[in-house]
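Working notes, beginning with the structure itself.
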Number of protein chains: 2
Amino acid sequence: MLKLGKLTDYATVLLAAMAAEPERLHAALELSGRTSVAAPTVAKLLKQLQKGGLVQSTRGAHGGYRLSRAPALVTVADVIRALEGPIAVTDCAVHDGGCAIEVGCAARAPFRLINAAVTQALEAVTLADMAASLNAAPRRPAEVSMTEVPIFFHPAARQVSAHVRRR
Amino acid sequence: MLKLGKLTDYATVLLAAMAAEPERLHAALELSGRTSVAAPTVAKLLKQLQKGGLVQSTRGAHGGYRLSRAPALVTVADVIRALEGPIAVTDCAVHDGGCAIEVGCAARAPFRLINAAVTQALEAVTLADMAASLNAAPRRPAEVSMTEVPIFFHPAARQVSAHVRRR
DNA sequence: GTAAAGAAGACTAAAGCAGTCCGGTTTGCG
DNA sequence: CGCAAACCGGACTGCTTTAGTCTTCTTTAC
């Protein structure tokens, strides 16, 4: 399915919730309540995100987590890399060796290009975009039409959901 | 890792090998020899690809498999869909329900856009492209640079590796 | 000093994936 | 007519990855 792990999905939701109030300190339990993600899972994810440098922690009573960077500077690709390692559609797209085919493999070069394209799509969406779509009036899923997609590819378009938010 | 299954990878290699001689009939064993993929695996994959409508089989002695469509009309996305089902970066990007968060989920709409973008990248590469890169002089991996990627997004550019092939 | 909060890691259960093997059917050819 | 080559269809097993939980320890505010 070319699937992302469920945990990565949750992590994105958590970070989006934090991005709504970037300055505040967010306790793990509080985030669990706000996002409906199970508390132990939230704790586990935040630890990993901290290891990946995406959030900073404050220990002790009234402690919590805070985003390390401004929401606009954190992309979905960053989240995936923090939790699942480098983005690699196939193994051979990233590291050489280990593949029996390797030499004269027709798929290799094209897969590298695909990998780069996928990465670019993931770099195009930031936490700020997600937080914005949280604050906006709820949209019905069907309203996100396929025709809106090419905005990703316009060189100047960084804030994807700015487009989504309108109308 | 956003990984594709290894089997999907192999299937792409097999189809690329067949695309080099689209008219011929290819026996499973012969393809195994040409691609270094284990014979039972080849057989299994071709069966699945047939179920997915990508190849046609001829039974009996001197039988084999043939591509159902011209190589230029088969994309990597087709291969993935035949083996792994619909392309879905997250579950909620495709089917509704089953997600505890669901309502008021900030990540949902953005993930749908990402999913569409990823799909588009996968649709952009065909078996014909791969077969071409097989016939061309072998390129060293490093030569496929990131700067070549945007070709994917140019509206008129369908044959990605036509660009890769040159120089 | 006590309570609230994060840190760290071990552990279990479940799911998906890769790979193999089997018996069956169709077809070509001597 | 019978054998061999090739595909057909599915069952089955072992492995890896993932999700999720639990426990114990450390830090800090009041």
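Throughout, a chain's letter reflects where its sequence line sits, starting with A, and its residues are numbered from 1.
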field: Gap between atoms CD and C1', on B:Gln48 and D:dC7 respectively (whole Å)
entry: 15 Å
B:Tyr10 vs C:dC17: side-chain N/O to OP1/OP2 distance below 4.0 Å: no
field: Heavy-atom donor-acceptor pair, B:Ser68 side chain to B:Gly53 backbone, under 3.5 Å
entry: yes
query: Of all the nucleotides listed (D:dG10, D:dG20, C:dA5), which has the minimum atom distance to the side chain of A:Leu7?
result: D:dG20
- request: Let me know the distance between CG of B:Leu4 and P of C:dG16, rounded to the nearest Å.
  value: 17 Å
message: With a cut-off of less than 4.0 Å, is there a side-chain N or O of B:Gln50 near OP1 or OP2 of D:dC8?
response: yes
field: Contact summary for A:Ile114 and B:Ala121, nearest pair of heavy atoms
entry: CG1-O, 4.4 Å
- request: Specify the residue among A:Gly60 and A:Ala39 whose closest nucleotide of DNA chain D lies further upstream toward the 5′ end.
  value: A:Ala39
query: Starting at NE2 of B:His62 and ending at C1' of D:dC3, how long is that distance when rounded to a whole Å?
result: 13 Å
Pairwise 5' ranking along DNA chain D for A:Ala61 and A:Gly5, keeping only the more 5' one: A:Gly5
query: Can a side chain N or O of A:Ser57 be found less than 4.0 Å away from OP1 or OP2 on C:dA7?
result: yes
message: Classify A:Ala28 by what it touches in the nucleic acid, base, sugar-phosphate, or nothing, heavy-atom distance under 4.0 Å.
response: sugar-phosphate
task: May I have the distance from B:Leu25 (atom CG) to C:dG28 (atom P), rounded to whole angstrom?
output: 11 Å
task: Provide, to the nearest angstrom, the distance between the NZ atom belonging to A:Lys6 and the P atom belonging to D:dT21.
output: 11 Å
task: Test for a donor-acceptor pair under 3.5 Å between the base of D:dT28 and the side chain of A:Arg59, counting only N and O atoms.
output: no
- prompt: Atom CZ of A:Arg66 and atom C1' of C:dA5: how far apart are they, to the nearest Å?
  reply: 15 Å
- request: Kindly indicate whether the side chain of A:Lys47 and the base of C:dA8 share any N or O donor-acceptor pair separated by less than 3.5 Å?
  value: yes
task: Show your working on side chain to side chain contact (heavy atoms under 4.5 Å, CB included) between A:Thr90 and B:Thr12 and close with a plain yes or no.
output: CA-CA 11 Å; A:Thr90 63; B:Thr12 312; over 6 Å; no
message: Nearest 0.5 Å, please: how far is CZ in A:Arg34 from NE2 in A:His26?
response: 6.0 Å
message: Between the base of D:dG20 and the side chain of A:Lys44, is one N or O donor paired with an acceptor at under 3.5 angstrom?
response: yes
task: Could you check how far NZ of A:Lys3 sits from C1' of D:dT18, rounded to whole Å?
output: 10 Å
- request: Grab the OH-P distance between B:Tyr65 and C:dT27 for me, whole Å please.
  value: 14 Å
query: What is the distance from atom NZ of A:Lys44 to atom CG of A:Leu7, rounded to the nearest 0.5 Å?
result: 6.0 Å
